[in-house]
Structure formats: structure tokens, C-alpha cells
Amino acid sequence: MAEPIPDATPDPNPLLAAALAYATRLAWPVIPLHAVRDGACTCGNAARVRSAGKHSGRKTA
């Protein structure tokens, strides 16, 4: 198992920092997803979303 990537500087957004580290250092694909806040999906379509926080944060072709 690979060792965690050390973070040299504190980042105000640790999830973004981790995603960028995986993408740049390990060449892993990173897919932005919506999150769940206060029990609702951050996409703004909470009433129509079946998988809150588990779908792409971008429009797909």
C-alpha cells in the first residue's frame, strides 16, 4: 500500500489539496462530486436527486 502524500503547507481546503496531489503526483483521475450539506445535495436539485452527494459536479456531454 502506498504511503500518504505529505502536505508541506497547510491548505484552507484540505480536500482540494488532496485531490490535486493525487491528480498531479500519482496521475489518478479526480472526478468532482457534489456534497451533502444539511441533509441536501449541493447541486440545488435536492428534490430530484436520488443519490445526494454521489453524482458528478459537472454537466456531462
Side-chain angles (χ1 to χ4, degrees):
M1 188 164 151
E3 292 185 29
I5 299 172
D7 188 10
T9 58
D11 193 296
N13 188 338
L15 294 178
L16 176 60
L20 292 173
Y22 285 123
T24 58
R25 296 180 193 167
L26 299 175
W28 286 7
V30 176
I31 302 168
L33 301 176
H34 283 286
V36 176
R37 288 199 182 110
D38 299 323
C41 188
T42 58
C43 71
N45 293 322
R48 298 187 317 198
V49 174
R50 292 185 307 169
S51 297
K54 297 180 183 176
H55 62 97
S56 175
R58 295 179 166 222
K59 290 183 179 180
T60 56

Inset, instruction - Taking all heavy atoms of Ala23 and all of Val30, pick out the closest pair and write down the distance. - result: CB-CG2, 3.8 Å
Inset, instruction - Sequence neighbours left out, what passes side-chain hydrogen bond (donor to acceptor under 3.5 Å, both in side chains) with Thr42? Give chain and number order. - result: His34
Inset, instruction - Mind checking side chain to side chain contact (heavy atoms under 4.5 Å, CB included) for Val36 and listing every partner two or more places apart, or none if nothing turns up? - result: Ala52
Legend entry - Passing candidate, side-chain contact (heavy atoms from CB on, under 4.5 Å) with Tyr22, options Leu20, Leu26, Thr24: Leu26
